[in-house]
Amino acid sequence: MAHELEIIDGKAQMAYAGETPWHGLGVPVSNDLTPAQMMEKAGLDWKVQELDNYIEFNGERRYTGKKTLVRETDGQVLTTVGKDWNPVQNEQAFEFFSEYVMSGDMEMHTAGSLRDGQMVWALAKVKDSFELFKGDTVDSYLLFSNPHRYGKSIDVRFTPIRVVCNNTLSLSLDQQVQSSVKMGHRMPFDASSVKETLGIATQKMNTYKEMAQFLGERRYTSDNVVEFFNEVFPRTSDKRIQKGMNMIESLSRNAKLCHDALETQPGAEYAEGSWWQAFNAVTFVTDHVQGNNNDNRLYSNWFGRNQLRKKSAIKTAIKYAEAA
């Protein structure tokens with residue numbers, strides 16, 4: 001199986017604290033490492049070098065106005081960017097966590113490199129969690145994704161993870177309470193402004209807990225839960241719904257997977273029959289069922305289209321719960 005995770009000289013560029021990842025790769029570490037130590041253990045203690053781009057024309061060497069980002073350790077070409085691009089070195093990304101780790105508010109959890117060094121990430125566990133419905137625990141994490149790739153922004157966000165099924169949830173609830181910050185590379189990275197925008201993790205988790213409790217108190221019906229899945233995963237083909245076809249038969253493939261997972265997903269016993277259960281059927285399918293392999297699912301859920309899908313799903317679930 002091909003991995004998105006970068007492998008150099010037979011060694012996965014990843015370190016993790018706690019349970020072994022699905023692919024069994026990476027370096028196991030304790031949960032008391034400093035951000036700098038985690039970066040080193042994950043094999044990410046390298047810098048990006050900026051080289052001017054030139055072409056040969058009629059024997060003359062001409063500058064293109066572009067730059068190539070190259071990994072200093074081995075010359076790996078990462079991407080081509082404009083001359084005003086400001087790369088964020090991995091050391092800067094990991095240093096972002098130092099204040100939180102040293103104060104005891106967070107501990108480094110996972111770090112790694114995807115797509116041949118184009119996407120470096122670090123994940124820290126926030127020492128703040130909550131329990132719902134007598135056993136359904138949700139932990140909070142802070143994810144810093146540092147792309148060395150044209151067209152990708154720096155992304156720092158709080159990410160709740162449901163322990164019973166390891167589902168990565170969406171924290172996008174209220175436009176007035178920002179749970180993530182994206183920054184382009186046209187300006188130098190300003191860690192202090194990002195921290196100021198993110199604010200306090202506890203505030204975000206308290207808001208999320210209230211939302212989860214609300215969803216757990218509102219019941220879906222056999223009809224409107226089918227409508228919900230159809231809205232989250234609409235049909236994309238021209239296939240018409242035939243006369244006499246029941247509602248479940250009308251579901252798209254991914255919507256059908258969600259419907260099938262309603263009562264079989266891990267944690268289905270918590271708030272059974274509620275919109276919390278319906279929403280988590282979506283997160284279970286996107287995290288553990290869709291995609292060619294687990295690496296592709298991880299990339300899509302953290303950085304790709306499924307991240308947006310979950311934001312849509314939680315807003316849609318709230319809409320249906322409010323109408324219940």
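If you're wondering where the values come from, they're calculated on a predicted model, not measured in any experiment.
Between Leu215 and Ile318 the shortest side-chain heavy-atom distance falls below 4.5 Å. Taking 4.5 Å as the limit, some side-chain heavy atom of Thr110 sits within range of a side-chain heavy atom of Trp121. Put simply, the side chain of Phe94 does not reach to within 4.5 Å of the side chain of Val101, judged on heavy atoms. Taking the side chain as every heavy atom from C-beta outward, Arg309 and Phe233 approach each other to under 4.5 Å.
Each of Leu257, Asn224, Leu262 was compared with Phe229 under the side chain to side chain contact (heavy atoms under 4.5 Å, CB included) criterion, and only Leu262 meets it. Here the rule is side chain to side chain contact (heavy atoms under 4.5 Å, CB included) with Asn146, and of Asn90, Val156, Asp155 only Asn90 fits it.
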Show me the side-chain donor-acceptor pairs of residues 25-36 shorter than 3.5 Å, one per line, residues at least two apart or across chains.
unit_1	atom_1	unit_2	atom_2	d
Ser30	OG	Asp32	OD1	2.3
Asn31	ND2	Glu107	OE2	3.4
Thr34	OG1	Gln37	N	3.1
Thr34	OG1	Gln37	OE1	3.3

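Clustering ILVMFWY residues whenever any of their side-chain heavy atoms sit less than 4.5 angstrom apart, transitively, puts Tyr16 in the very cluster that holds Ile7.
The 12-atom threshold is exceeded at CD of Glu131, counting heavy atoms of other residues, nucleotides or ligands nearer than 6.0 Å.
The hydrophobic cluster containing Tyr63, built from Ile/Leu/Val/Met/Phe/Trp/Tyr side-chain heavy atoms closer than 4.5 Å, also comprises Tyr54.
Classified by interplanar angle (parallel below 30°, tilted 30° to 60°, perpendicular above 60°), the ring pair Phe130/Tyr208 is tilted. By the 30° and 60° cut-offs, the orientation of the rings of Trp276 relative to Phe133 is tilted. By the 30° and 60° cut-offs, the orientation of the rings of His109 relative to Tyr141 is perpendicular. Between Trp46 and His148, the ring-plane angle classifies as tilted under the 30° and 60° cut-offs.
Lys47 has no carboxylate O lying under 4.0 Å from a charged side-chain N of Glu72, or vice versa, which leaves the two without a salt bridge. Electrostatic pairing of Asp287 and Lys310 counts as a salt bridge here, judged by a charged N lying under 4.0 Å from a carboxylate O.
Listed here is the closest heavy atom pair of Pro266 and Arg162: O-NH1, 3.7 Å.
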Next on the checklist: Apply side-chain contact (heavy atoms from CB on, under 4.5 Å) to residues Ile55 and Arg62 and explain how you reach the verdict.
Outcome noted: CA-CA 5 Å; Ile55 61 168; Arg62 295 185 180 182; 4.1 Å; yes

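The aromatic ring centroids of Tyr100 and Phe144 lie 6.0 Å or more from each other.
Under 3.5 Å, the side chains of Asp223 and Thr221 contain no donor-acceptor pair of N or O atoms.
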